[in-house]
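Along the sequence shown, the residues carry numbers beginning at 1. Quick caveat: nothing in here was measured; it's all calculated off a predicted structure.
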Amino acid sequence: MEESAFFKQWLRGKYRMPDLDDFKTFQPDLDFLIWVAVNHKIPFHKILHHKILGLDEAWTKCREYYRNAINLVVEYSPYMALDHEEGLEIIDTLGDPPDVSHPLYIITVDDGTSEEIVYVGKSSSNHSRFKGGHTTAIKLLDPKYDGKLKWIYLCQIMLNCTSDEYLPLEFLGDKALAEDILDDAESVLIDDYKPVLNTKKMDTLNVKRNFTIKIQKSFVDSTAIQDKFIFARA
């Protein structure tokens with residue numbers, strides 16, 4: 001599964017972008033699948049050098065970029081394919097589109113022979129981004145983790161929608177629903193992995209709806225994270 005970058009495909013004329021109002025009518029087909037794509041593996045101590053978009057920031061940036069972009073196109077209409085010159089004009093005027101959101105992250109420790117998942121967290125807003133990760137960083141100072149590599153894996157969430165659209169979580173029209181899906185996805189991963197440094201959501205799985213998660217690591221190597229399906233029932 002490739003890292004989805006809707007705006008980049010749209011600007012290249014390879015994706016016909018619906019109107020933002022149309023996104024409000026799209027509903028995720030949660031009985032089918034939620035994709036958790038493990039896209040990036042970063043040394044934990046270098047995470048502050050990377051610009052990571054949480055759900056809240058990505059939600060705002062995507063909509064601002066789209067509104068500004070369509071104002072630059074003469075006689076633009078939803079689902080219209082941009083031509084090469086229109087895409088270049090948008091990038092020249094507005095800069096590159098927002099990066100893909102990675103609202104879930106997984107922290108591991110690796111002693112060279114085995115790798116262990118020690119924390120699962122979410123980055124939903126600017127204020128809470130990696131809040132749990134900062135606490136985890138302190139816990140990783142425990143001498144028992146000395147000499148071990150610490151990794152953070154950044155995960156994208158993709159949804160199959162009943163409109164036959166395949167959307168990143170930050171494009172879902174109902175923001176409250178997107179936040180609920182993110183919270184449920186975090187809960188399921190914590191329940192499945194039982195990371196030793198998580199303190200919340202460890203005892204009982206409590207989700208708001210039935211769904212299936214598929215974890216897929218197309219771009220990273222990890223012995224702790226494997227491709228698999230996880231079934232969640234409310």
- Nearest-0.5 Å distance that lies between atom CG in D56 and atom OG1 in T60: 5.0 Å

- Task: Indicate if L88 and L11 have the same hydrophobic cluster label, given that clusters are the connected sets of ILVMFWY residues with side-chain heavy-atom separations under 4.5 angstrom.
- Result: no

- To the nearest 0.5 Å, tell me how far I190 CD1 sits from I106 CD1. 10.5 Å

- Task: Test L140 against L197 for side-chain contact (heavy atoms from CB on, under 4.5 Å), laying out the working first.
- Result: CA-CA 9 Å; L140 287 173; L197 299 184; 3.8 Å; yes

- Task: Would you name the heavy atoms of K214 and Q216 that are closest together and state the gap between them?
- Result: CE-OE1, 3.2 Å

- Message: Main chain of F211, side chain of R233: is a donor-acceptor contact present, judged purely on distance under 3.5 Å?
- Response: yes

- Message: Can you confirm whether V118 sits close enough to K139 that some side-chain heavy atom of one is under 4.5 Å from a side-chain heavy atom of the other?
- Response: no

- Message: Please give me the minimum heavy-atom distance between Y105 and S123, naming the atom from each residue.
- Response: CE2-N, 4.3 Å

- Indicate yes or no: at least one non-hydrogen side-chain atom of I47 is less than 4.5 angstrom from one of I42. yes

- Note on the structure: In this structure, CD of E170 is separated from CD1 of I157 (nearest 0.5 Å) by 9.5 Å

- Can you label the angle between the W10 ring and the Y76 ring as parallel, tilted or perpendicular, going by 30° and 60°? perpendicular

- Message: Under 4.5 Å between side-chain heavy atoms, counting indirect links through other Ile/Leu/Val/Met/Phe/Trp/Tyr residues: same cluster for F229 and W35 or not?
- Response: yes

- Of all the heavy-atom pairs spanning N206 and S187, show the shortest one and how long it is. O-OG, 4.3 Å

- Query: So L82 and I90, side-chain contact (heavy atoms from CB on, under 4.5 Å) or not? Walk me through it.
  - Reply: CA-CA 10 Å; L82 299 178; I90 291 171; 3.9 Å; yes

- Note on the structure: Rounding to 0.5 Å, atoms CD1 (I152) and CD1 (I107) come to a distance of 4.5 Å

- Query: Got a donor-acceptor contact below 3.5 angstrom from the N198 side chain to the K200 backbone?
  - Reply: no

- Do the non-hydrogen side-chain atoms of M158 and P168 ever get within less than 4.5 Å of each other? yes

- Query: Of all residues at least two apart in sequence or in a different chain, which pass the side-chain contact (heavy atoms from CB on, under 4.5 Å) check with A178?
  - Reply: L55, W59, L169, L172

- Message: Taking the side chain as everything from C-beta on, heavy atoms only, tell me whether I52 gets closer than 4.5 Å to H40.
- Response: no

- Message: Between E86 (side chain only) and V73 (backbone N and O only), is there a donor and an acceptor less than 3.5 Å apart?
- Response: no

- Query: Is the backbone of I215 close enough, under 3.5 Å, to the side chain of K217 for a donor and an acceptor to pair up by distance?
  - Reply: no

- Query: Just wondering, more than 12 heavy atoms not from K46 lying within 6.0 Å of its NZ?
  - Reply: no

- So CD1 of I230 and CG of L189: to nearest 0.5 Å the spacing works out to 5.0 Å

Expected list for residues 91-101: side-chain donor-acceptor pairs under 3.5 angstrom, two or more places apart:
residue	atom	partner	partner atom	Å
T93	OG1	E89	O	2.9
S101	OG	L53	O	3.1

- Query: Between CG of D180 and CZ of R209, what distance do you get to the nearest 0.5 Å?
  - Reply: 5.0 Å

- Task: Report, as yes or no, whether the 6.0 Å neighbourhood of atom NZ on K150 holds more than 12 heavy atoms from other residues, nucleotides or ligands.
- Result: yes

- Message: Checking F219 against Y153 for the ring pair (Phe, Tyr, Trp, His ring centres under 6.0 Å) test, could you report, in this order, the C-alpha distance in whole Å, the side-chain angles of both residues, the deciding distance, and whether it holds?
- Response: CA-CA 10 Å; F219 301 99; Y153 294 85; over 10 Å; no

- Item | Non-hydrogen atoms of D184 and K208 that approach each other most closely | OD2-N, 3.1 Å

- Message: Would you say CG of D203 has more than 12 non-hydrogen atoms from neighbouring residues, nucleotides or ligands within 6.0 angstrom?
- Response: no

- Side-chain heavy-atom pair L159, I34 within 4.5 angstrom cut-off: yes

- Identify the two heavy atoms, one from D110 and one from S114, that lie closest to each other, and give their separation to 0.1 Å. OD1-O, 3.2 Å

- Message: With a sphere of 6.0 Å drawn around NZ of K14, does it hold more than 12 non-hydrogen atoms of other residues, nucleotides or ligands?
- Response: no

- Does the pair K41/D221 count as a salt bridge with the N-to-O cut at 4.0 Å? no

- Item | Beyond-backbone contact of F7 with M17, side-chain heavy atoms, under 4.5 angstrom | yes

- Kindly give the heavy-atom pair with the smallest separation between V188 and A232, and that separation in Å. CG2-CB, 3.6 Å

- Sidechain N-carboxylate O distance under 4.0 Å for D191, K201: no

- Task: Apply side-chain contact (heavy atoms from CB on, under 4.5 Å) to I225 and W151, showing your working.
- Result: CA-CA 12 Å; I225 304 171; W151 300 103; over 6 Å; no

